[in-house]
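Keep in mind the model is a prediction, meaning the values are calculated, not measured. Both counts, for ligands and for their atoms, begin at 1 and track the order of listing.
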Amino acid sequence: MENRELWERLNMDLAKHDEFLAPLPQVFTELFLNRKNRPAAMGYFDAVVGDVHGIRVHELFAMKEAGAKVFSTFCVYVPEEIVVATGSASIGLCAGAQFTVSSGEKLLPRNLCPLIKSTMGFKLDRICPYFQVSDWVIGETTCDGKKKAWEILNEYIPTYVMDLPQKKDAKDAQLWEEEVREFAAFIERETKVDLTAENLAQGIEKINNKRQALQRLASLRKHNPAPIHGLDVLVINQLAFFDDPVRFAAQVNALCDELDVRVKEGVGVAPADAPRILLTGTPQPLPNWKLHALIEQTGAVVVGEETCTGERYYKDMTEPADNVTDMLANIAKRPLKVNCACFTPNQGRIEDISYMAKNLQADAVIDCTLQFCQPYGVESYFVGRAMEGTIPYLRLETDFSAEDQGQLLTRIEALIEMIRA
Ligand code: SF4
Ligand code: SF4
């Protein structure tokens, strides 16, 4: 089946979809393909982006025809291992496009985080085949904006909401474990597949392998000169949320093999004195590449992301166990190690940033918050205070539009000049 036929069968608005995708090839060529000295193994990821609404959507559609279900998630706390164990698909759908923000604003307040408005807009506009192929959205009670948006989204697509606690005390951990068990029962009901020690162990292993591959890639970035651009790693991290986990892990490992050689030979994508930047803050969902592109345009290199499109997604593994009960307990434990600003207190995130800055030999930390994101915006106070006097620090606020690019670039350039001085 051709892509267009598939999109029609998924009830997409083809004219609007054409309009949305039209600029992508040029943008991707300018930002990615035209860069010199990219690893050859980026070819796979380039091909996935090149056909971003094609191959993988066909796969998901075929899975559904064979009886599986597709579950869309919007947060790294949702345990994809459980879905994968049943042979169904879990795809991360956070959206990072300005194109759909105005549609989202038809139902949502304008002064709401663009990530939520963009996501809603993709569903209203029917231009995301991943949304269209999904049977369920799995929401969660993280920030207030998302929590309330699920109620509206539920009118367009069935939306299941996981109740995530706001603190990490023993009683919160217990509540979350119960929530994970209820979610597991929901997935069993929906997929008509029982979780067994065997299939759940396989689900855990597949997702752990994916996370391990991403960890391996992240740790290669601590070398100087940096063997890969931050922008390339960002796109890989973004694809991690919806590619097939087994194939994806193999491709990331193949890339790491190539980078191992680069490191051994002292080959980098930037000179050894290029300023090294650690980015922290809100996630950068596909296709939002703005900040990485601006930072690397100055000659600096992004060496790490303390974000959910970075370290927070893959830094912890799910411990294996012998039986389903213990496996579900371990599945519940892993995400509670993730330090999202939706939790209070969230001192662990400050420790993560400090550790990453040191481990990655960063020269500066850029803390970037999406406009109207209250949890990360408020938490910037603690991030700034912890960085003060230890490492150059810049706080930025932005959205998905191109309007503030000049202003952002000026501020980033000033930081880079200060580092170089
Ligand atoms: S920033 Fe927080 S709410 Fe957003 S995806 Fe990450 S963990 Fe979930
Ligand atoms: S970026 Fe902030 S406001 Fe937006 S969805 Fe994530 S936590 Fe919520």
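- When atom types are taken as modelled, the side chain of R411 and the backbone of Q407 share no donor-acceptor pair closer than 3.5 angstrom.
- Here the side chains of Q251 and D243 are not in contact, with every heavy-atom distance at 4.5 Å or above.
- Using a 4.0 Å cutoff on heavy atoms, V76 counts as a contact of ligand 1.
- Of all atoms in ligand 1, numbered sequentially from 1 with element shown, those under 4.0 Å from a heavy atom of R312 are 1 (S).
- Between atom OG of residue S88 and atom CD1 of residue I91 there is a gap of 11.5 Å, rounded to the nearest 0.5 Å.
- A distance of 6.0 Å or more separates the ring centres of F183 and F71.
- Distances below 4.0 Å separate heavy atoms of Y77 from the following atoms of ligand 1: 7 (S).
- The residues lining ligand 2, counting any heavy atom closer than 4.0 Å, are C113, I116, C143, K146, T282, C373.
- In this structure, the side chain of S118 does not engage the main chain of L115 through any donor-acceptor pair within 3.5 Å.
- Ring centroids of F122 and F131 are separated by 6.0 Å or more, keeping the two rings apart.
- With sequence neighbours excluded, the residues satisfying side chain to side chain contact (heavy atoms under 4.5 Å, CB included) with K146 are F74, C75, I116, E140, T142, C143, W150.
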